[in-house]
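The sequence lines fix the lettering, A, B, ..., with proteins before strands; numbering per chain opens at 1. From a predicted model like this one, the values you see are computed outputs, not experimental measurements. Just so you know, these numbers use all the heavy atoms, side chains as well, and skip hydrogens, waters and symmetry mates.
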There are 2 protein chains.
Amino acid sequence: MTNDLMTIRQMCDAFDVTPRTLRFYEAKELLFPQRDGTRRLFTRRDRARLTLILRGKRFGFSLEDIRQILDLYDRDGSNHAQTLRTFELAQQRLAQMEAQRAELDVAIADLKAELDAGSAMIAGLRRAAE
Amino acid sequence: MTNDLMTIRQMCDAFDVTPRTLRFYEAKELLFPQRDGTRRLFTRRDRARLTLILRGKRFGFSLEDIRQILDLYDRDGSNHAQTLRTFELAQQRLAQMEAQRAELDVAIADLKAELDAGSAMIAGLRRAAE
DNA sequence: CGTTACATTTACGTTAACGTCAAGCACTCT
DNA sequence: AGAGTGCTTGACGTTAACGTAAATGTAACG
């Protein structure tokens, strides 16, 4: 079986992050590796948390958002209200992302239109430059 | 007819930007207002440029990108190669935006899936918190 | 002339998520 | 002992696009 404790390098290789990132996450209290003297040893719990952190980032959550969510469960892993809170955050984030996509769609459509229209944009630039 | 020269406040009202923004754009050499003593007076040319700047921002261009494009036409308003260059930049930006939208679509789909699947994410968070 | 209302320059502050040194300890191999 | 490798803790640097505050000017109104 895989050793339960991993060095910083093993973590970096396994999750494709830099040592700086792991130390940064520890400083931000997202991870809590054990110590062997001065060296960090990451536990199964750290790996589970890191997995969630990276997933959260893919969803566009900030590290601070993620830390808060993780903390909710640190302090009370069985509170149903906390679970609901997490759902709410996820829903909010989803709404944000969809709004962002909508804006992006408009911008893409506009830009395409200008390119297709025979360079209205270019003409505009000409005028702006005199 | 509208006065050809506008004060900073008239510009702010007309374009919905702050004075700081206009001064910032001048510092970045995107605008070149005239002076009445110490005060700025924005010309028709400045207004045309600002319109393009704001349009460029909607498309996600950085101010530096915009400045470069504008400069191309400042230095040579009739060079066909410059026009092509602008097209290229626009096309690149379009490709970026579409890639970004694709990523966003994946993230949205993933997040929806986790929410719909009966909180796989929540379960993961529980485990990560122990 | 005093106040009000805008204007100006200068310059530090903000935000996120790390990057990039610098200096030094700990172990191992030879 | 010396060399090499890897880990550690600081601590400042980076990026974009302004925000914000301080000190000052000046134009018009009454």
Side-chain angles (χ1 to χ4, degrees), chain A residues 3 5-43 46 49-70 89 93 96-97 100 103 107, chain B residues 3 5-43 46 49-70 89 93 96-97 100 103 107:
Chain A
N3 193 337
L5 298 175
M6 289 172 64
T7 69
I8 199 168
R9 176 102 331 255
Q10 289 173 325
M11 289 291 284
C12 291
D13 293 344
F15 289 90
D16 193 33
V17 295
T18 69
R20 180 68 178 95
T21 297
L22 295 177
R23 296 188 190 114
F24 182 76
Y25 289 170
E26 183 184 0
K28 290 287 180 182
E29 300 188 52
L30 288 161
L31 298 178
F32 308 94
Q34 298 178 5
R35 293 303 175 114
D36 168 26
T38 173
R39 292 177 184 168
R40 288 169 179 79
L41 287 179
F42 295 83
T43 66
D46 289 314
R49 292 177 75 98
L50 183 54
T51 297
L52 267 293
I53 292 166
L54 297 178
R55 184 181 300 176
K57 287 198 58 180
R58 282 191 5 248
F59 294 156
F61 285 101
S62 71
L63 291 182
E64 178 56 19
D65 284 343
I66 296 170
R67 190 189 62 75
Q68 285 181 30
I69 294 174
L70 251 30
L89 286 173
R93 181 61 199 144
Q96 280 176 25
M97 288 167 70
Q100 189 182 340
E103 284 180 42
Chain B
N3 194 337
L5 298 176
M6 289 171 65
T7 69
I8 199 168
R9 176 106 327 257
Q10 290 174 324
M11 289 291 283
C12 291
D13 292 344
F15 290 91
D16 193 32
V17 295
T18 69
R20 180 67 178 98
T21 297
L22 295 177
R23 295 188 191 114
F24 182 75
Y25 290 169
E26 182 184 4
K28 290 286 179 182
E29 300 187 55
L30 288 160
L31 298 177
F32 309 93
Q34 297 177 7
R35 293 301 175 116
D36 167 26
T38 172
R39 294 178 182 168
R40 288 169 179 79
L41 288 178
F42 294 83
T43 67
D46 290 313
R49 291 177 74 97
L50 183 53
T51 298
L52 267 294
I53 292 166
L54 297 178
R55 184 181 300 175
K57 286 198 59 180
R58 279 190 10 247
F59 294 156
F61 286 101
S62 70
L63 292 181
E64 177 56 21
D65 284 343
I66 295 169
R67 191 190 60 77
Q68 285 181 30
I69 293 174
L70 251 30
L89 287 174
R93 181 61 200 143
Q96 279 175 26
M97 289 167 69
Q100 189 182 338
E103 284 179 41

Query - Test side chain to side chain contact (heavy atoms under 4.5 Å, CB included) applied to Phe42(A) and Thr7(A), Leu22(A), Leu50(A), Leu5(A), the passing residue - result: Leu22(A)

Report task. Answer yes or no: does a side-chain N or O of Arg35(B) lie under 4.0 Å from OP1 or OP2 of dT9(C)? Result -> yes

Requested in this report: Look only at the side chain of Arg58(B) and the backbone of Ala107(A), and say whether a donor-acceptor pair between them is shorter than 3.5 Å.
Outcome: no

Requested in this report: Would you please confirm or rule out a distance under 4.0 Å between OP1 or OP2 of dT8(D) and any side-chain N or O of Arg40(A)?
Outcome: yes

Report task. Figure out the CG/P separation between Leu22(A) and dC7(D), and round it to whole Å. Result -> 11 Å

Report task. Kindly indicate, with the supporting measurements, whether the criterion salt bridge (Lys or Arg N to Asp or Glu O under 4.0 Å) is fulfilled by Glu26(B) and Arg23(B). Result -> CA-CA 5 Å; Glu26(B) 182 184 4; Arg23(B) 295 188 191 114; over 6 Å; no

Query raised in the report: Do Leu63(B) and Ile53(B) have side-chain heavy atoms sitting under 4.5 Å apart?
Result: yes

**Report entry** Length of the line joining Met6(B):CE and dA7(C):P, which is rounded to integer Å
**Finding:** 12 Å

Query raised in the report: Which residues within residues 7-16 of chain A lie with some heavy atom under 4.0 Å of an atom in DNA chain D?
Result: Ile8(A), Arg9(A)

Requested in this report: Between protein and nucleotides 12-27 of chain D, map the contacts as a letter string: B base, S sugar-phosphate only, - none, heavy atoms under 4.0 Å, written 5' to 3'.
Outcome: -----BBBB------S

Report summary line: Closest non-hydrogen contact found for Arg49(B) with Leu31(B) is CB-CD2, 3.9 Å

Requested in this report: Check the side chains of Gln100(B) and Gln96(B) for a donor-acceptor pair under 3.5 angstrom, ignoring hydrogens and angles.
Outcome: no

Report task. With heavy atoms under 4.0 Å as the rule, sort Arg23(A) into base, sugar-phosphate or nothing. Result -> base

Requested in this report: Indicate yes or no for a side-chain donor-acceptor contact from Asp46(A) to the backbone of Thr43(A) under 3.5 Å, with no hydrogens or angles considered.
Outcome: yes

Report summary line: Between Tyr25(A) and Lys57(A) the two heavy atoms that sit nearest each other are OH-CD, 3.6 Å

